[in-house]
Amino acid sequence: MGRSGTPPAMIEAVDVAKSFTLRRRAGRGPRRVRTTLSAVDGVSFTVGRGEFVGYLGPNGAGKSTTIKMLTGILTPSSGTLRVCGMDPSRERTALARRIGVVFGQRTTLWWDLPLRDSLTLIRRLYRVEASAHRRRLAELTALLELEPFLDTPVRQLSLGQRMRGDLAAALLHGPELLVLDEPTIGLDVVSKATVRGFLERLNAERGTTILLTTHDLGDIERLCRRVLIVDHGRLAFDGDLARLRQAVAADRMLVVELARPGPPVELDGIEVVRTEGPRQWLRLPRAANAAAVVAGLAERYEISDIALREADIEEVLAGLYRGDHAYTPTPP
Amino acid sequence: MYALLAWTWTRAAAQYPVSMLLLSLATAVVGALDAVGIMLLFAHTPRIAGFTAAEVLFLYGTSALAFGISDILLGGAERLGQHVREGTLDALLVRPVSPLVQIATEDFSPRRFGKLLPAALVLGLALPRLDAPWTAGRVAMVPLMVACGTVIFAGLWVLAASLQFVLVDSHGATKSLTYGGAFLTQYPLTLFARDFVRGVTFAVPLAFVNWQPSLYVLDRPDPLGLPDAARFAAPAVAAVVCAVAAVAWRTGLRHYRSTGS
Ligand SMILES: Nc1ncnc2c1ncn2[C@@H]1O[C@H](COP(=O)(O)OP(=O)(O)O)[C@@H](O)[C@H]1O
Ligand SMILES: [Mg+2]
């Protein structure tokens, strides 16, 4: 696009919050009480040009709500938001020309139209020139392997095909920023791989900035250099994958099988996080010497089996969500 | 942009030419039945409330034409409620064209023009049979009143659509769609309220779309004794209705809250 005065940051969010007023029935009768739900509760982050950022969090964390604010669908309750240098809710239509949006859970295509017609409508909506359209369509058709189902009504497409169609629809106008809400949700392994491979190339070769939400860690590990983790509407982590891995390394898990069920074992410097009959899960701090701990345990308890494993990323996330790890914002 | 989108949809619809033709015919026939009803009424009495058959057909023809055109242009806006309830409005909002235009052109098909046929026919029948003092002003008034009528009705479609933002929200339909169950029992309520609102809003300005200008064209005194200026108020009323509709639409859109996923 090369507009003059385009700021270097694609997305700038400062203390962005969104709350919904809910009306609930109070007991019996028609009376309703209002309650406020904070879906996004003061989130700040910056995404630079060309970055590939994963927005990760459990269900109901506020990921979709954030995406809806970034794209201008929802107006933030407070805070300031700039996307491509624009205020999304005020300049929604202008912004729409510069970003592409994909919702994994619902299509932006027209249900009853063949994919090809949907893409023609998109071309009209974005006023893409015929020659540019033809070129991009050919390119996207090849990359996403759309050819076999271009003439099939969207209604009849499989989820994986539909997602590829949606990706093409979001990119026909050549956006600088692509925002995806759970693009791999429900996809089979092969479709997931296609979508991930495509996004990787898009970011690497075209330099398109990509922000995707997911609760699929595979997406993150394969694609994202930087991860934002959100929980209960707040940022719990902002940093690169390596730092997240470091946090992973900080904790190892010792699974001990005692000869008979008993109370949680007691040993200096370790914590029992779970017991299940004779089996107990012990968290080892990074500094702890595993061999010494095992020896100490064997001295005091009768142990029938023991296993040491690196905590996987899911556990770290679960820990992050519980607030086990202190969050330190990365300096810009 | 509207025309471009309408054309794209038409081309999509043209893939089934037979069904399109049949549907156009069906729409036209249903509309024509109304006109036949009026004719039958006058088969026995030459005048109703002091109006001749030609005059009543003129009233019917002009308002039906205005309504028909507005319906073609913006009648689809009715579907907004559905889009809001299902959260599909999200997809329309991320495109660089007003969601109103997108919804109105959705499924656009030339069959919609079928609705105009009976209205145009009735008007064609009525005009030569009118016993009106045809001055230049009166002749010009006929297309003007159809145009103003179209604009007013179009504004009302938008207004009705804007109300859907509120109706859906106030009945908690958005929420219950997310959480299932209760949605089914609340849906008829929404529907009922919508029909009621539509009835009232379309009936009131009809006086300016049709009745007052017709009094001028037919050179008749106003039975209610409103000042003569009322006969020329249609453009002003049209402007006011549009302004109100625009504000309502913007307000509605700002309060749109999507649905939980
Ligand atoms: N339109 C809405 N009305 C009421 N509550 C909503 C709405 N959208 C989202 N929420 C609530 O806000 C919270 C965050 O939702 P969401 O952003 O969809 O989470 P995520 O995408 O991370 O799963 C949830 O508790 C959800 O129920
Ligand atoms: Mg979500």
Side-chain angles (χ1 to χ4, degrees), chain A residues 18 20-25 32 37 39 59-60 63-65 67-75 88-90 92-114 116-118 120-127 166 169-170 173 179 181-182 185 213, chain B residues 1-16 82-84 86-103 105-109 169-179 181-182 185-186 189 250-261:
Chain A
K18 178 75 190 177
F20 294 105
T21 312
L22 303 179
R23 292 188 198 82
R24 279 229 181 75
R25 287 236 162 75
R32 284 156 182 260
L37 184 142
N59 275 327
K63 303 183 296 293
S64 299
T65 306
I67 295 292
K68 287 173 191 168
M69 288 191 282
L70 289 175
T71 50
I73 295 169
L74 293 176
T75 313
S89 61
R90 282 173 186 277
R92 197 190 71 240
T93 330
L95 181 62
R97 292 187 181 285
R98 298 178 57 185
I99 64 174
V101 186
V102 174
F103 299 107
Q105 318 217 12
R106 53 175 73 105
T107 183
T108 58
L109 303 168
W110 289 266
W111 218 232
D112 299 316
L113 293 184
R116 194 188 295 279
D117 290 5
S118 270
T120 308
L121 264 168
I122 296 278
R123 154 166 132 67
R124 302 275 200 223
L125 284 167
Y126 287 87
R127 294 174 188 273
D166 261 304
H173 61 292
V179 183
D181 192 9
E182 312 248 9
I185 196 162
T213 79
Chain B
M1 178 47 73
Y2 187 102
L4 216 56
L5 291 180
W7 172 239
T8 314
W9 278 107
T10 302
R11 284 224 324 237
Q15 288 166 2
Y16 311 96
Q82 194 188 333
H83 281 294
V84 170
E86 292 171 5
T88 39
L89 187 61
D90 290 5
L92 307 187
L93 285 172
V94 299
R95 301 196 188 116
V97 173
S98 161
L100 193 57
V101 173
Q102 293 185 58
I103 295 173
T105 52
E106 203 174 277
D107 272 333
F108 193 94
S109 155
D169 191 34
S170 64
H171 285 106
T174 327
K175 203 161 54 105
S176 38
L177 183 67
T178 320
Y179 302 118
T185 54
Q186 284 169 343
L189 252 178
R250 293 231 178 92
T251 313
L253 210 53
R254 210 172 34 248
H255 286 97
Y256 174 61
R257 44 193 271 175
S258 184
T259 51
S261 45

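Heavy-atom basis, side chains included; hydrogens, waters and symmetry copies ignored.
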Enquirer: At a 4.5 Å cut-off on heavy atoms, which part of A:Ser89 comes close to chain B: side chain, backbone, both, or neither?
Expert: neither

Enquirer: May I ask you to decide if B:Leu93's main-chain N or O and A:Arg92's side chain share a donor-acceptor pair within less than 3.5 Å?
Expert: yes

Enquirer: Only pairs of heavy atoms separated by less than 4.5 Å count here; which of A:Leu109, A:Thr108, A:Val179 has the most with chain B?
Expert: A:Thr108

Enquirer: Locate the shortest heavy-atom distance separating B:Val97 from A:Thr93; write the atom from each residue and the value.
Expert: N-CG2, 3.8 Å

Enquirer: For A:Ala96 and B:Val94, which heavy atoms make the closest approach, and how far apart are they?
Expert: CB-O, 3.3 Å

Enquirer: Kindly compute the distance separating CG (B:Asp90) from NZ (A:Lys68), expressed to the nearest 0.5 Å.
Expert: 5.0 Å

Enquirer: Show the nearest heavy-atom pair for residues A:Trp110 and B:Arg95, with the distance to one decimal.
Expert: CZ2-NH1, 3.4 Å

Enquirer: Taking all heavy atoms of A:Tyr126 and all of B:Pro96, pick out the closest pair and write down the distance.
Expert: CE2-CD, 3.3 Å

Enquirer: Taking all non-hydrogen atoms of both residues, which atom of B:Tyr256 and which atom of A:Leu74 are closest, and how far apart?
Expert: O-CD2, 3.4 Å

Enquirer: Which region of A:Leu95, side chain (C-beta onward) or backbone (N, CA, C, O), has a non-hydrogen atom less than 4.5 Å from a non-hydrogen atom of chain B, or is it both or neither?
Expert: neither

